[in-house]
Amino acid sequence: MVARRKVAVVGAALSDCGRVDDATPYALHAQAARRALADAGLDRTLVDGFASAGLGALAPVEVAAHLGLRPTWVDSTSVGGSTWEVMAAHAADAIAAGHARAVLLVYGSTARADVRAGRRTGTLSFGTRGPLQFEVPYGHTLIAKYAMAARRHMIEYGTTIEQLAEVAVQARANAALNPEAMFRTPVTVDEVLAGPVIADPFTKLHCCVRSDGGAAVLLVAEEYARDCRTSPVWVLGAGECVSHAAMSEWPDFTVSPAAVSGRLAFERAGVRPAEIDVAEIYDAFTYMTLVTLEDLGFCAKGEGGAFVEKGRLRVEGGELPVNTDGGGLSAQHPGMRGLFLLVEAVRQLRGECGERQVRRGDGTLPRLAVASGTGGWFCSSGTVVLGTG
């Protein structure tokens, strides 16, 4: 049996993000890809693996062709926001097994610009076929599904709307340290609660922003990491899980599939949640952050509200800095945001985050990070543990 190779992330980059009215999704893919390759200091001819989803009828064929790539390993897994953590796990396995030497993950979207230009509406629909046909007649939206789950947690465990609002407040505090974040002005719990109701119990600031933007990550086999201009960030372990399609099939609204993907990722990495220095968690809504923190094991089930209300998520003074760039709630959210989690985790581990840089108690850089993505309405989860050692 051939020994499995170690796998490192050596390139991580964003395209222009936020308000980008003069670019196509393909252009944002290309910009992010070029920047990730430049970040690594590697030529695109080394790339023999490619993963992309969400653009074109034949993703990733169309995007690879646009980038001038002819990969011999491809992945177009599409499971919503967790797509990129799942793809990273697949890419790491392929590289470790010798099926690829360098895999590029790329995403780009003009979700905001398309709404402004009338190319699409602001309402996201997953269709009316298959299992969804039994729920569509009741009229609940994607946001309403998350809201129902949040309300269940509030009823079951006494979680308060103020505690959920704290997630938004602390995300904005982190965004204030990020010059690339869309919204940087601090907000208070009272301001979050006073906003217009979108889907009870969520007001506007409980919900993610809508932005444009792209991201890219380059993973390589360990023998190529020494040729890179950046320090390698190693993929230590990953896990994935698909839970349900219809809300009626979800056994417990207070438990997300991160409970499975997280356990698998930590077991495979050989680390405990308590050892993690920084966490990047999918946050299309405040409840996603809270319940994922529970399911990843950072606090016990039902204790997420008490955990977040003590300022633990902040870069400055936080016990567990979470969504250090401001997250989808304040920094950017151009659709399937999972790849942005990986980029921020890598940058934090490499010490490249400037004013928002996380440091351990002894002043050293973080050594371990986790990125956990969520897809659909908690239908899927992918979790990746990264480290510098």
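Here the rule is side-chain contact (heavy atoms from CB on, under 4.5 Å) with Val308, and of Val169, Leu290, Thr289 only Leu290 fits it. Checking each of Val192, Thr286, Leu193 against Leu164 for a side-chain contact (heavy atoms from CB on, under 4.5 Å) leaves exactly one that passes, namely Thr286. If you run salt bridge (charged side-chain N to carboxylate O under 4.0 Å, His left out) between Arg312 and each of Glu319, Glu166, Glu303, only Glu319 comes through. Under the side-chain contact (heavy atoms from CB on, under 4.5 Å) rule, Ser380 has a single partner from Ser256, Ser243, Ser82, which is Ser82. A side-chain contact (heavy atoms from CB on, under 4.5 Å) with Val217 holds for exactly one of Val103, Val10, Val9; it is Val9.
Glu316 CD: 12 or fewer foreign heavy atoms inside a 6.0 Å radius. Under a cut-off of 6.0 angstrom, the local environment of CZ in Arg44 is sparse, with at most 12 non-hydrogen atoms contributed by other residues, nucleotides or ligands.
Within the 3.5 Å criterion, the main-chain N or O of Gly382 finds no donor-acceptor partner in the side chain of Trp84. In this structure, Thr83 contributes its side chain and Gly80 its backbone to a donor-acceptor pair below 3.5 Å. Put simply, the side chain of Glu85 never gets that close to the backbone of Ala371: no donor and acceptor are under 3.5 Å apart. Put simply, the side chain of Arg226 gets close to the backbone of Glu223: a donor and an acceptor are under 3.5 Å apart. Here the side chain of Gln163 pairs no donor or acceptor atom with the backbone of Thr159 at under 3.5 angstrom. No side-chain donor-acceptor contact under 3.5 Å links Arg152 to the backbone of Phe253. A donor-acceptor pair is defined here as one N or O able to donate and one able to accept, closer than 3.5 Å; such a pair exists between the side chain of His29 and the backbone of Pro25. Distance alone, capped at 3.5 Å, places no donor-acceptor pair between the Arg101 side chain and the Val220 backbone. Ser381 places no side-chain N or O within 3.5 Å of a backbone atom of Cys241 that could act as its donor or acceptor partner. A donor-acceptor pair under 3.5 Å is formed between the side chain of Asn174 and the backbone N or O of Val315.
You'll find the side chain of Val370 reaches within 4.5 Å of the side chain of Phe298, heavy atoms only. Side-chain contact between Arg172 and Leu329 is absent, with no heavy-atom pair separated by less than 4.5 Å. For the pair Val74 and Pro60, the minimum side-chain heavy-atom distance is below 4.5 Å. Between Glu240 and His90, the closest side-chain pair of non-hydrogen atoms falls below 4.5 Å. Counting only heavy atoms from C-beta outward, the side chains of His140 and Glu135 approach each other to under 4.5 Å. By the 4.5 Å heavy-atom criterion applied to side chains, Thr110 and Val20 are not counted as neighbours.
Follow the hydrophobic side-chain contacts under 4.5 Å out from Ile281 and you never reach Leu14; the two are in separate clusters.
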**Item:** Derivation and outcome, salt bridge (Lys or Arg N to Asp or Glu O under 4.0 Å), residues Asp325 and Arg347
**Value:** CA-CA 10 Å; Asp325 62 346; Arg347 287 177 167 176; over 6 Å; no

**Trace of the side chain to side chain donor-acceptor pair (under 3.5 Å) decision for Asp362 with Thr364** = CA-CA 6 Å; Asp362 59 3; Thr364 59; 2.6 Å; yes

**Request:** Test side chain to side chain donor-acceptor pair (under 3.5 Å) on Glu156 and Thr254 and set out the steps.
**Result:** CA-CA 8 Å; Glu156 197 79 19; Thr254 70; over 6 Å; no

**Request:** Show your working on salt bridge (Lys or Arg N to Asp or Glu O under 4.0 Å) between Arg35 and Asp16 and close with a plain yes or no.
**Result:** CA-CA 10 Å; Arg35 290 177 178 177; Asp16 294 345; 3.0 Å; yes

**Item:** Residues Asp39, Arg350; criterion salt bridge (Lys or Arg N to Asp or Glu O under 4.0 Å); working and verdict
**Value:** CA-CA 12 Å; Asp39 182 54; Arg350 297 196 309 206; 2.7 Å; yes

**Asked** Going through the checks in order, is the salt bridge (Lys or Arg N to Asp or Glu O under 4.0 Å) test met by Arg112 and Asp21?
**Response** CA-CA 8 Å; Arg112 171 197 159 275; Asp21 292 316; 2.9 Å; yes

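Pairing each heavy atom of Ala216 with each of Leu104, the nearest pair is CB-CD1, 4.5 Å.
For the pair Arg19 and Phe183, the cation sits on the ring face: its NZ or CZ lies under 6.0 Å from the ring centre, inside 45° of the axis. A cation-pi geometry, defined here as NZ or CZ lying under 6.0 Å from the six-membered ring centre and within 45° of its normal, does not hold between Arg337 and Tyr282.
Between Phe378 and Trp250, the two ring planes are tilted [angle within 30° to 60°]. Using cut-offs of 30° and 60° for the angle between ring planes, the Phe285 and Phe202 rings count as parallel.
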